[in-house]
2 protein chains.
Amino acid sequence: MTTINDIAKLAGVSRTTVSRFLNNSGYVGQEAGERIAQVINETGYMPSQSAQTLRTKKTGVIGIILPKISTETSSRVVSGINKVMKREGMQILLTDTELDPDKEIEYLRLLKSRQADGIILLATNIGERLQQEIEAFPIPVVALGQNIPGVPSLTYADYDASSDIMQLLIGKGHRKIGFIGVSETDPAVGKLRQSAYTDAMRRHNLEVKESWMAEGDFSIDSGYEAMKWIITGNRSDPPDAVFCVTDRMATGAMEYLKEQGFSIPGDVAVAGIGDAVMSRYITPSLTTVNYYNEEAGEAVGEMLLETMAGIKYSKKMMHKYRLIKRDSVW
Amino acid sequence: MTTINDIAKLAGVSRTTVSRFLNNSGYVGQEAGERIAQVINETGYMPSQSAQTLRTKKTGVIGIILPKISTETSSRVVSGINKVMKREGMQILLTDTELDPDKEIEYLRLLKSRQADGIILLATNIGERLQQEIEAFPIPVVALGQNIPGVPSLTYADYDASSDIMQLLIGKGHRKIGFIGVSETDPAVGKLRQSAYTDAMRRHNLEVKESWMAEGDFSIDSGYEAMKWIITGNRSDPPDAVFCVTDRMATGAMEYLKEQGFSIPGDVAVAGIGDAVMSRYITPSLTTVNYYNEEAGEAVGEMLLETMAGIKYSKKMMHKYRLIKRDSVW
DNA sequence: CTGAAAGCGCTTACAG
DNA sequence: CTGAAAGCGCTTACAG
């Protein structure tokens with residue numbers, strides 16, 4: 001590999017001058033500059049990132065910690081983050097916890113060792129240890145999707161969006177509303193969305209039956225199983241609507257309902273959250289809420305940039321969302 | 001940041017010894033080792049990657065060049081690659097060309113400057129310049145999805161899979177088969193799949209009507225428009241089946257057909273390629289072929305590892321696939 | 001306008 | 001079993 005020394009020699013100047021030329025810092029004589037430019041061109045020289053990093057402490061890389069790489073939400077978010085990082089000439093280092101909370105800490109450390117300039121964390125839980133780790137962390141961290149104390153966080157409007165869904169369902173006359181959620185260890189998706197459900201039911205004096213509530217694990221299959229469990233357990237008194245905290249689980253739930261001959265939304269209305277592409281094309285199309293994940297990615301990217309620039313206040317923001325009424329709810 | 005010098009001082013040894021301890025190279029006294037281990041633990045010390053890289057020329061990072069980040073195929077592939085790279089303790093640097101061929105070269109150079117240990121290229125085209133760039137490239141490159149001359153490549157069985165689809169359609173008695181493809185600048189998806197279509201038609205002495213063939217751009221909408229164009233242009237003699245080279249375009253095509261009151265597969269059978277999750281849940285469910293993208297990602301990851309290990313033969317492999325018969329074809 | 005020198009944090013012969 | 005020293009490829013005061 002050609003180094004800055006080779007360039008200097010070939011151009012007949014010192015490497016100091018080459019460096020100045022490269023970084024556009026300080027004066028470089030006209031003639032010298034031209035010779036350097038030429039040599040660089042001929043050799044296809046590229047400065048060594050690791051040497052630069054060692055000196056400047058800047059890698060030009062930010063790390064993203066994702067719960068799961070191959071998910072529609074993740075890829076939309078990454079796409080948004082990528083958009084702003086590209087603008088800044090920064091690269092992205094992807095990291096995937098596969099939903100294992102321990103890995104969140106592990107990757108935080110890894111990214112530290114790789115000297116990421118900043119980190120975007122899409123946490124699924126926010127335990128003690130995680131918070132401690134971040135507190136003493138030498139690298140700017142921002143969170144997306146979960147509110148982490150002391151960390152600039154961009155969250156989705158989980159409670160509000162869920163309330164809107166419930167409002168819609170109740171407004172349409174549904175009284176017996178089931179719920180398919182996920183584990184409450186996930187504050188945003190698990191707790192918040194469920195609270196919105198129970199709060200809405202109570203606010204309208206509707207019965208919250210334990211047997212109408214089931215828990216899935218984000219997968220389509222788990223939605224199918226959850227729906228099955230609810231229906232099987234309430235043969236005589238099935239719900240007439242079901243709120244699923246995720247489009248994928250809603251898809252599974254619909255699959256079961258259709259198999260069993262329930263008409264949607266005639267017998268049972270169904271609503272989800274997330275606006276997966278699929279939701280528009282299944283039959284009936286799914287009523288859901290769009291979280292503008294890509295824009296959220298951009299926004300959290302900007303937050304990170306600001307934080308990296310030294311703006312230290314702990315910013316909390318909630319991202320916009322939009323209720324999308326389709327055919328699975330009348 | 002704590003450095004190896006801090007650790008050495010705190011443990012009362014030289015940094016040479018700490019380095020040996022860290023890398024498990026050469027002898028380290030029992031007692032010294034224990035002290036070092038302790039100090040490292042207390043400080044949470046992590047060696048600086050850039051310093052290590054500068055010395056060893058290994059970054060532990062591989063680059064992936066993707067046509068588009070937020071796509072089901074991409075995320076499956078990345079997930080597979082990630083699986084094997086994680087095993088090797090390597091990180092992934094993601095790069096997204098947004099379907100711009102110039103960026104393929106740009107990112108190749110970028111990854112060179114970042115000293116990626118290897119590169120996996122998911123090209124969409126394979127122009128002159130790209131090949132030249134790779135030829136003189138100092139870093140191992142492998143390709144997925146396209147066969148690049150002189151480069152170890154793992155390709156999908158585009159021709160065979162498409163032929164199978166056509167065989168199925170023809171076997172079911174379809175004679176007037178339409179085609180929705182993509183630009184032929186894409187050798188794999190554009191050319192190969194189309195060749196399989198025209199070859200199959202000719203082999204069975206079926207007419208290949210220009211007006212039954214349309215071109216989309218991978219998007220659902222473009223499938224919709226392509227189908228519309230075909231139907232509109234053939235009012236008196238519409239095809240009774242259509243082969244779409246992509247599930248997303250097939251989804252759009254079905255959407256249009258359903259809107260227009262065609263029954264699927266009664267009036268028009270539809271088939272795609274890719275096995276998007278969605279394909280299983282739309283109505284009717286879509287006949288398609290599964291390319292095992294995640295496994296392909298693993299396989300190409302292994303190919304890269306081998307290439308990095310110095311195995312230089314230009315390996316060409318074709319990945320397995322599976323025809324999935326569902327309800328959009330009788 | 002330009003260069004010599006120090007130093008970033010490691011690893012690796014080499015010598016003991 | 002351990003350490004001193006050189007060097008990886010840069011950038012950045014500093015001096016001229």
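Labels below follow one simple rule: chain letters A, B, ... track the order of the sequence lines, proteins then strands, and each chain is numbered from 1.
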Note to self: Check whether A/Lys316 reaches the backbone of A/Ile148 with its side chain - one donor and one acceptor, N or O, closer than 3.5 Å.
What the structure shows: yes
Item checked: Stretch residues 6-14 of chain B: residues that reach within less than 4.0 Å of DNA chain D through a heavy atom -> B/Val13, B/Ser14
Margin query: When you measure from the side chain of B/Thr3 to the backbone of B/Asn5, do you find a donor-acceptor pair of N or O atoms at a distance under 3.5 Å?
Written below: yes
Note to self: Could you check whether B/Glu133 pairs with B/Arg129 (Lys NZ or Arg NE/NH1/NH2 to Asp/Glu carboxylate O, under 4.0 Å)?
What the structure shows: no
Item checked: For A/Leu305, the option from A/Asp117, A/Val84, A/Ile62, A/Val142 that meets side-chain contact (heavy atoms from CB on, under 4.5 Å) -> A/Val84
Note to self: Using modelled atom types and a 3.5 Å cut-off, is there a donor and acceptor pairing between side-chain atoms of B/Arg76 and backbone atoms of B/Gly297?
What the structure shows: no
Notebook entry, point to check: When you check every protein heavy atom under 4.0 Å of nucleotides 9-16 of chain C, what one-letter string (B, S, -) results, 5' to 3'?
Noted result: BBBBB---
Notebook entry, point to check: Does A/Glu302 have any salt bridge (Lys or Arg N to Asp or Glu O under 4.0 Å) partners at least two apart in sequence or in another chain, and if so, which?
Noted result: A/Arg87
Per-pair distances, 0.1 Å, donor-acceptor, side chain in residues 22-31 of chain B, under 3.5 Å, sequence neighbours excluded:
from, atom 1, to, atom 2, distance (Å)
B/Asn23, ND2, B/Ser19, O, 2.9
B/Asn23, ND2, B/Ser19, OG, 3.3
B/Gln30, NE2, B/Glu34, OE2, 3.0

Checklist line | Base-pairing string, 5' to 3', of DNA chain C - Watson-Crick or wobble, under 3.5 Å, | interstrand | finding: |||.||||||||.|||
Next item on the list: Could you list the residues that satisfy salt bridge (Lys or Arg N to Asp or Glu O under 4.0 Å) with A/Lys83, not counting sequence neighbours?
Entry: A/Glu294, A/Glu298
Margin query: Do A/Glu88 and A/Met308 have side chains that approach each other closer than 4.5 Å (heavy atoms only, starting at C-beta)?
Written below: no
Check: Does the side chain of B/Thr185 pick up a donor-acceptor pair with the side chain of B/Ser183 at under 3.5 Å?
Finding: yes
